[in-house]
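Note that this is a predicted model, so its numbers are computed, not measured. Index from 1, following the sequence. FYI, side chains are in, hydrogens and waters are out, and symmetry mates aren't considered; it's all heavy atoms of this structure.
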Amino acid sequence: FTITTTIEPQFTYSYIKNHYEFNISVDEAKTDVNISSKSCSENDTTSTDKIQQIASDWSWYMQIAEAGVALPVIMFSGPVADRIGRKPVLMWNLIITLISFILKTVIIYRDMNLYYYTIACGSLGLAGSFYTYQITNFAILADKTDEGKDRSFMMTAYDALSAIGSVSFQ
């Protein structure tokens, strides 16, 4: 699930750099040429700064699209898992996550507009994001273990192995 943390900023920055046009004034162009001999002031804005500002805004929109859709899904995933079972909720999460990653891959590969990528982020929210996956797995562990030390140990081990997997992926 952490693959998006490395790809999104790179794709966003690259897309903006290649598809947006920036009107740089003559003063800013001179500043770019003489940047090594002059200290930067807070009011100087280069095209790179503008690209980073716009990329930061887009990153924010993508996170809002995912989290805004995911919040209701996360809130209802526990009760739904109690009612219909853990496996259907887990499969829903995994299938929608897979579809979202496929959409994101196609959008990046075809260099499509950032609006499409933001929609794909929203589709990941339909899966409940990583949190629904975690909630469901903890519920499965709670179902399969006895209360007490065994359950606490298993949940701690699961959490530690998830962290190790996440760190080793990056």
Side-chain angles (χ1 to χ4, degrees), residues 1-77 89-138 158-170:
F1 293 103
T2 57
I3 191 167
T4 58
T5 59
T6 56
I7 293 174
E8 279 180 9
Q10 292 172 358
F11 171 66
T12 305
Y13 185 88
S14 173
Y15 183 87
I16 292 168
K17 185 176 180 182
N18 294 329
H19 295 293
Y20 281 54
E21 292 186 26
F22 297 100
N23 297 325
I24 303 174
S25 67
V26 175
D27 293 335
E28 289 180 80
K30 288 179 186 174
T31 302
D32 286 344
V33 173
N34 297 324
I35 197 151
S36 61
S37 64
K38 180 183 173 186
S39 64
C40 296
S41 70
E42 292 181 21
N43 295 331
D44 289 341
T45 306
T46 63
S47 63
T48 303
D49 293 336
K50 289 180 183 179
I51 293 171
Q52 289 175 349
Q53 288 171 348
I54 294 170
S56 177
D57 289 343
W58 273 104
S59 177
W60 179 244
Y61 302 146
M62 291 170 193
Q63 290 175 6
I64 288 173
E66 180 181 335
V69 175
L71 184 63
V73 175
I74 293 168
M75 289 178 10
F76 292 107
S77 64
V89 174
L90 190 59
M91 292 307 297
W92 164 264
N93 179 266
L94 294 175
I95 290 169
I96 299 299
T97 299
L98 176 67
I99 291 169
S100 174
F101 283 179
I102 289 170
L103 286 172
K104 288 179 177 184
T105 302
V106 169
I107 291 166
I108 290 171
Y109 179 75
R110 301 197 68 202
D111 197 29
M112 296 170 74
N113 196 309
L114 290 174
Y115 290 109
Y116 294 113
Y117 196 87
T118 305
I119 292 169
C121 290
S123 70
L124 181 59
L126 285 174
S129 189
F130 179 67
Y131 301 106
T132 299
Y133 179 78
Q134 285 285 73
I135 290 168
T136 307
N137 282 326
F138 276 121
Y158 170 76
D159 212 19
L161 290 173
S162 293
I164 290 169
S166 180
V167 169
S168 65
F169 182 72
Q170 293 182 3

> Quick check: are there more than 12 heavy atoms from other residues, nucleotides or ligands sitting under 6.0 Å from OH of Y13?
Replying inline: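 Check passes, neighbour count above 12.
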Quick check for you: to the nearest 0.5 Å, what is the distance between [X] atom [atom1] and [Y] atom [atom2]?
X    : Y    : atom1 : atom2 : result
F76  : L71  : CZ    : CG    : 9.5 Å
I107 : Y117 : CD1   : OH    : 8.0 Å
L103 : L124 : CG    : CG    : 10.5 Å
N137 : T132 : CG    : OG1   : 11.0 Å
K17  : T12  : NZ    : OG1   : 14.0 Å
E8   : T118 : CD    : OG1   : 8.5 Å

Do side-chain atoms of [X] reach the backbone of [Y] as a donor and acceptor pair under 3.5 angstrom?
X   : Y   : result
S77 : I74 : yes
S59 : S56 : no
T97 : N93 : yes

>> I'd like to know whether D159 forms a side-chain contact (heavy atoms from CB on, under 4.5 Å) with Q134, so could you lay out the CA-CA distance, the side-chain angles of the two residues, the decisive distance to 0.1 Å, and finally the verdict.
In response: CA-CA 9 Å; D159 212 19; Q134 285 285 73; 4.0 Å; yes
> Just wondering, do Y15 and I108 contact through their side chains at under 4.5 Å, heavy atoms?
Replying inline: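 Sidechains of Y15 and I108: no contact.
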>> Can you list everything that forms a ring pair (Phe, Tyr, Trp, His ring centres under 6.0 Å) with F138? Sequence neighbours excluded, please.
In response: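 Here the qualifying residues are Y158.
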>> Taking ring pair (Phe, Tyr, Trp, His ring centres under 6.0 Å) as the definition, give me every residue that meets it alongside Y115, ordered by chain and number, with sequence neighbours left out.
In response: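 Per chain and number, Y115 pairs via ring pair (Phe, Tyr, Trp, His ring centres under 6.0 Å) with W58.
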>> Please find the pair of heavy atoms, one from S100 and one from A120, that lie closest to each other, and give the distance.
In response: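 Heavy atoms of S100 and A120 come nearest at OG-O, 3.1 Å.
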>> Is there a side-chain contact (heavy atoms from CB on, under 4.5 Å) between Y131 and V73? Walk through the geometry before answering.
In response: CA-CA 10 Å; Y131 301 106; V73 175; over 6 Å; no
>> Taking side-chain hydrogen bond (donor to acceptor under 3.5 Å, both in side chains) as the definition, give me every residue that meets it alongside D111, ordered by chain and number, with sequence neighbours left out.
In response: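 Listed in chain order: H19.
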